[in-house]
Q: 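Okay, here's the structure, questions in a sec.
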Amino acid sequence: MSAEVIYGKPLAEELRQEMKEEVSALHEKKIHPKLVVVIIGEDPASMSYVKGKQRASEKVGLDSELIELPVDTSEQYLLDLIDRLNQDDKVHGILVQLPVPEHISDQKIIEAIDPKKDVDGFHPMNAGRMLTGQDTFYPCTPYGILVMLKRAAISLEGKHVVIVGRSNLVGKPVGQLLLNENATVTHCHSRTKDLRHHTKQADILIVAAGKPSLVSGEDIREGAVVIDVGVNRVDGKLTGDVDFDSAKEVASYITPVPKGVGPMTITMLLHNTIEAAKRIHGQ
């Protein structure tokens, strides 16, 4: 067998067209959703990523602003900027590109953003709402994975999901989202003994460890769904955490790297920004 490949770009484009129509309807009500992205420093990869967010925002009709700050920006200056954005009624979504320079606390910055404008879904209040199954802003990559699985009509209820990776950005929240969908979730990480024993039990295997080709076809149960979240650069090329060629001969569905989960991350950021505008304006 050879797995059906789940590409993120066609689904992202479909969702963005739906969002474009929704934003147009909001404009008729004099509501103009606006996303502000703040980046500190000039890391080329981060800059490319935020520029992509800005272009995607404009394509669906969102107002978008990019604030670029020098690498030596003080923590207090950034906190004061976030406070001003929190108070600005024209701003509906605030995103500070992570990681920030070492002299600035990631956690302080995350907690400074108004939960109503936290379109990254990282604020402890939004994380707590997700934990308790409430409607809130979900982190964009985990949310994108959930939407991909649902749009592919992959059943989640009662399925055994194994997640390799326990980051606050992907591993932990995607596990919680799938638990909320009545899946049975196992988390694996760098200290897990006999990783293959766990991965071979998965109905749905999500790999987000940041290690190239960590998982191969030999580690996957026949017919499993494989979601590769890894983004690694090897010999100048992007590659995932899963050895795609061997895995696709065993899995039933698989996401590639690139062109898999990536396009969905920005798409769900746009979704969260639109939702923030609607909630702030009582829609």
Side-chain angles (χ1 to χ4, degrees), residues 31-58 62-132 134 136-144 165-174 176 208 210 231 265-266 268-282:
I31 298 171
H32 295 268
K34 180 175 181 178
L35 171 67
V36 175
V37 178
V38 181
I39 184 169
I40 305 96
E42 298 178 353
D43 177 72
S46 293
M47 185 60 71
S48 174
Y49 189 45
V50 298
K51 292 284 188 182
K53 292 174 180 177
Q54 193 171 31
R55 288 192 299 270
S57 298
E58 292 167 354
L62 297 180
D63 292 345
S64 177
E65 180 180 354
L66 174 61
I67 299 177
E68 301 178 52
L69 301 175
V71 71
D72 60 353
T73 297
S74 70
E75 182 177 87
Q76 191 57 53
Y77 183 91
L78 183 54
L79 290 170
D80 290 343
L81 171 62
I82 291 170
D83 184 58
R84 291 196 297 273
L85 295 174
N86 285 339
Q87 304 304 320
D88 189 340
D89 292 339
K90 294 181 180 179
V91 174
H92 305 101
I94 303 169
L95 185 152
V96 178
Q97 183 66 30
L98 300 176
V100 292
E102 289 184 0
H103 66 278
I104 299 174
S105 164
D106 284 13
Q107 200 57 41
K108 277 188 182 179
I109 300 310
I110 289 169
E111 293 184 14
I113 297 171
D114 186 336
K116 296 192 297 293
K117 299 185 178 186
D118 169 39
V119 290
D120 244 347
F122 293 156
H123 193 285
M125 185 174 292
N126 288 328
R129 286 173 175 156
M130 178 180 66
L131 183 69
T132 52
Q134 300 179 63
T136 189
F137 297 121
Y138 302 137
C140 301
T141 298
Y143 195 13
R166 55 175 171 177
S167 73
N168 291 332
L169 303 185
V170 180
K172 290 178 183 176
V174 76
Q176 187 59 54
V231 180
T265 298
I266 293 178
M268 303 325 295
L269 172 66
L270 305 181
H271 167 83
N272 283 351
T273 303
I274 296 166
E275 285 300 308
K278 288 164 62 178
R279 293 175 189 181
I280 288 171
H281 290 279

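FYI, side chains are in, hydrogens and waters are out, and symmetry mates aren't considered; it's all heavy atoms of this structure.
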Q: Determine, stepwise, if the pair Glu275 / Lys278 fulfils salt bridge (Lys or Arg N to Asp or Glu O under 4.0 Å).
A: CA-CA 5 Å; Glu275 285 300 308; Lys278 288 164 62 178; 3.1 Å; yes

Q: Can you name the nearest heavy-atom pair linking Pro101 to Val71, along with the distance?
A: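 Smallest interatomic distance, heavy atoms only, reads CG-O, 3.7 Å.
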
Q: If we check side-chain contact (heavy atoms from CB on, under 4.5 Å) with Ile67, which of these qualifies: Leu81, Val50, Val37, Ile94?
A: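 It is Leu81, the one option of Leu81, Val50, Val37, Ile94 that forms the side-chain contact (heavy atoms from CB on, under 4.5 Å) with Ile67.
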
Q: Please check: side-chain N/O of Ser48 versus main-chain N/O of Pro44, any donor-acceptor pairing under 3.5 Å?
A: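 Not confirmed, Ser48 side chain does not pair with Pro44 backbone.
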
Q: How long is the gap from OG1 on Thr265 to NZ on Lys53, to the nearest 0.5 Å?
A: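 Answer for the OG1-NZ pair, Thr265 versus Lys53, is 8.5 Å.
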
Q: Is it the case that the side chain of Asp114 and the backbone of Asn86 share a donor-acceptor pair, with hydrogens and angles ignored and the cut-off at 3.5 Å?
A: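 Judged by distance alone, no pair lies under 3.5 Å.
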
Q: In Å and rounded to the nearest 0.5 Å, what is the NZ to CG distance from Lys108 to Leu78?
A: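 Output value for this atom pair is 11.5 Å.
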
Q: Could you pull out the closest heavy-atom pair between Lys116 and Phe137, with the gap in Å?
A: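 Minimum heavy-atom separation between Lys116 and Phe137: O-CE1, 3.5 Å.
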
Q: So, Thr136 and Gln134: side-chain donor and acceptor under 3.5 Å apart, yes or no?
A: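 No donor-acceptor contact under 3.5 Å links the two side chains.
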
Q: Show the nearest heavy-atom pair for residues Leu270 and Ser57, with the distance to one decimal.
A: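 Heavy atoms of Leu270 and Ser57 come nearest at CD2-OG, 3.4 Å.
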
Q: What's the spacing between Thr273 OG1 and Asp63 CG if we round to 0.5 Å?
A: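 Result: 11.0 Å between the selected atoms.
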
Q: Under the criterion side chain to side chain contact (heavy atoms under 4.5 Å, CB included), I'd like the reasoning laid out for Asp120 against Cys140: C-alpha separation, chi angles, the key distance, then a yes or no.
A: CA-CA 6 Å; Asp120 244 347; Cys140 301; 4.1 Å; yes

Q: Taking side chain as C-beta onward, heavy atoms only, is Val36 less than 4.5 Å from Asp88?
A: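 No, side chains not in contact.
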
Q: Minimum heavy-atom separation for Gln97 to Ser46, with atom names?
A: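 It is CG-CB, 4.2 Å.
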
Q: Any idea which heavy atoms bring Ile113 and Val96 closest together, and the distance?
A: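 It is CD1-CG2, 4.3 Å.
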
Q: Report the C-alpha distance between Val38 and Ile109 in whole Å, list the side-chain angles of each, state the deciding distance to 0.1 Å, and finish with yes or no for side chain to side chain contact (heavy atoms under 4.5 Å, CB included).
A: CA-CA 11 Å; Val38 181; Ile109 300 310; over 6 Å; no

Q: Does the side chain of Arg55 reach to within under 4.5 Å of the side chain of Ser64, using non-hydrogen atoms?
A: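 They are not in contact (no side-chain heavy atoms under 4.5 Å apart), so the answer is no.
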
Q: Please report the interatomic distance CG(Asp106) to CZ(Phe122), rounded to the nearest 0.5 Å.
A: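 So the gap between those two atoms works out to 10.0 Å.
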
Q: Under 3.5 Å, is there a donor-acceptor pair between the side chain of Lys90 and the main chain of Lys34?
A: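 No: the side chain of Lys90 does not pair with the backbone of Lys34.
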
Q: Could you walk me through whether Arg129 and Asn126 satisfy the side chain to side chain contact (heavy atoms under 4.5 Å, CB included) test, starting with their C-alpha distance in whole Å, then the side-chain angles of each, then the deciding distance to 0.1 Å, before giving a yes or no?
A: CA-CA 5 Å; Arg129 286 173 175 156; Asn126 288 328; 3.6 Å; yes

Q: First locate atom CG of Leu95, then atom CG of Leu85, and finally report the distance between them rounded to the nearest 0.5 Å.
A: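 The distance works out to 11.5 Å.
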
Q: So how far is it from Ile280 CD1 to His92 NE2, rounded to the nearest 0.5 Å?
A: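 Here the rounded value is 5.0 Å.
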
Q: Would Met130 and Tyr138 satisfy side chain to side chain contact (heavy atoms under 4.5 Å, CB included), going step by step from the backbone distance to the final call?
A: CA-CA 7 Å; Met130 178 180 66; Tyr138 302 137; 4.0 Å; yes

Q: Show the nearest heavy-atom pair for residues Gly41 and Met47, with the distance to one decimal.
A: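 Scanning both residues, the minimum pair turns out to be O-CE, 4.2 Å.
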
